[in-house]
*Asks:* 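Next up is a structure, given as structure tokens.
Predicted, not measured: the structure shown is a model, and the values here were computed from it.
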Amino acid sequence: MLVILGLLTSFLSFLYLIAPSIRKLFAGGVCRTTVQLPGKVVVITGANTGIGKETARELARRGARVYIACRDVLKGESAASEIRADTRNSQVLVRKLDLSDTKSIRAFAEGFLAEEKQLHILINNAGVMMCPYSKTADGFETHLGVNHLGHFLLTHLLLERLKESAPARVVNLSSVVHYFGKIHFHDLHGEKRYRRGFAYCHSKLANVLFTRELAKRLQGTGVTTYAVHPGIVRSQLVRHSFLLCLLWRLFSPFLKSAWEGAQTSLHCALAEGLEPLSGKYFSDCTRTWVSPRARNSKTAERLWNVSCELLGIQWK
């Protein structure tokens with residue numbers, strides 16, 4: 001046993017020694033565009049921490065008026081204060097948005113539309129992962145409700161403003177784990193069988209399918225949309241899983257930073273010439289392949305129609 005522990009300690013020490021080289025290898029792409037954003041308006045969900053916060057920081061640095069839409073307003077104000085000081089951009093604002101409650105989503109949209117006449121970039125960044133079984137205020141399984149349906153409704157409510165402000169973009173954060181996802185239309189809310197790891201995967205597949213169908217319906221409007229895999233990032237997203245928290249802490253030297261994780265979101269929000277790739281999936285600032293299920297147009301259309309029914313909206 002002592003020999004095994006010694007070997008394990010030596011192996012981990014070796015890994016940590018070469019960690020900087022490994023991290024450089026897997027750090028991924030960097031958003032290279034120099035586009036500036038004076039006069040542009042941006043909404044980012046969940047931008048009080050992690051990837052969203054770094055995305056907000058960079059967009060503020062480029063001169064945009066940035067709305068941090070988050071559930072925890074106090075954390076949002078703290079992040080906004082830090083970003084304003086860092087970027088010297090006073091136009092970083094915080095608004096309450098709870099994606100697990102459609103009343104909160106509608107209240108946010110109503111307030112924003114009354115406040116702003118333009119919206120150029122919407123980044124659906126917020127999400128939950130590995131939650132114990134629970135339901136949202138509206139009775140949706142939490143991963144589906146927050147990660148997919150909440151952003152689906154928010155995008156619907158803000159879409160006319162995006163069209164009026166075209167060219168405009170919608171960026172949806174997904175994940176490579178969408179490869180393990182499947183849309184169980186007979187059990188969308190996991191009432192028959194629930195495994196929280198797979199529930200997250202299913203919701204990330206829904207993000208890719210939503211992006212695909214949204215792009216099809218937005219053709220000719222000047223609004224384009226992209227799905228993003230940010231990479232494996234050191235963040236608070238894994239807080240509901242003790243095992244993942246342990247692994248994240250153990251392998252933190254090898255994971256992307258929040259700044260690195262934000263790069264593909266920034267690329268899809270800013271890079272010139274991406275319009276022909278609307279509806280596509282990006283990783284490390286490059287278009288990449290999606291799973292066969294994520295390419296299924298019939299599933300995407302059915303998910304769209306079911307989402308509208310669940311939310312009680314009409315969206316042609």
*Asks:* Determine, for Asp187 against Arg193, whether the closest basic-nitrogen to carboxylate-oxygen distance falls under 4.0 angstrom.
*Replies:* no
*Asks:* Taking the six-membered ring for Trp and the full ring for Phe, Tyr or His, determine whether the centres of Tyr281 and Trp289 are under 6.0 Å apart.
*Replies:* no
*Asks:* Would you confirm whether Ser203, through its side chain, and Tyr200, through its main-chain N or O, come within 3.5 Å as a donor-acceptor pair?
*Replies:* yes
*Asks:* Going by atom types alone, do Thr33 and His267 pair a side-chain donor with an acceptor below 3.5 Å?
*Replies:* no
*Asks:* Would you say the ring centers of Phe180 and Phe198 fall short of 6.0 Å from each other?
*Replies:* no
*Asks:* Within the distance-only criterion (no hydrogens, no angle test), does the side chain of Gln36 pair as donor or acceptor with the backbone N or O of Thr34 below 3.5 angstrom?
*Replies:* yes
*Asks:* Using ring-ring contact (aromatic ring centres under 6.0 Å, His included), reason through His202 and His143 one step at a time and then give a plain yes or no.
*Replies:* CA-CA 8 Å; His202 303 333; His143 293 90; 9.4 Å; no
*Asks:* Within 45 degrees of the axis of the six-membered ring of Phe112 and under 6.0 Å from its centre: does Arg95 put its NZ or CZ there?
*Replies:* no
*Asks:* Just how far is it from atom NE2 of His148 to atom CG of Asn172, taken to the nearest 0.5 Å?
*Replies:* 10.0 Å
*Asks:* What are the two closest non-hydrogen atoms of Arg196 and Cys131, and how far apart are they?
*Replies:* CB-O, 3.2 Å
*Asks:* Cation-pi check, Arg217 to Trp304: give yes when NZ or CZ is under 6.0 Å from the six-membered ring centre and within 45° of the ring axis, no otherwise.
*Replies:* yes
*Asks:* Take Phe282 and His229, measure what ring-ring contact (aromatic ring centres under 6.0 Å, His included) needs, and give me the verdict at the end.
*Replies:* CA-CA 6 Å; Phe282 286 75; His229 168 54; over 10 Å; no
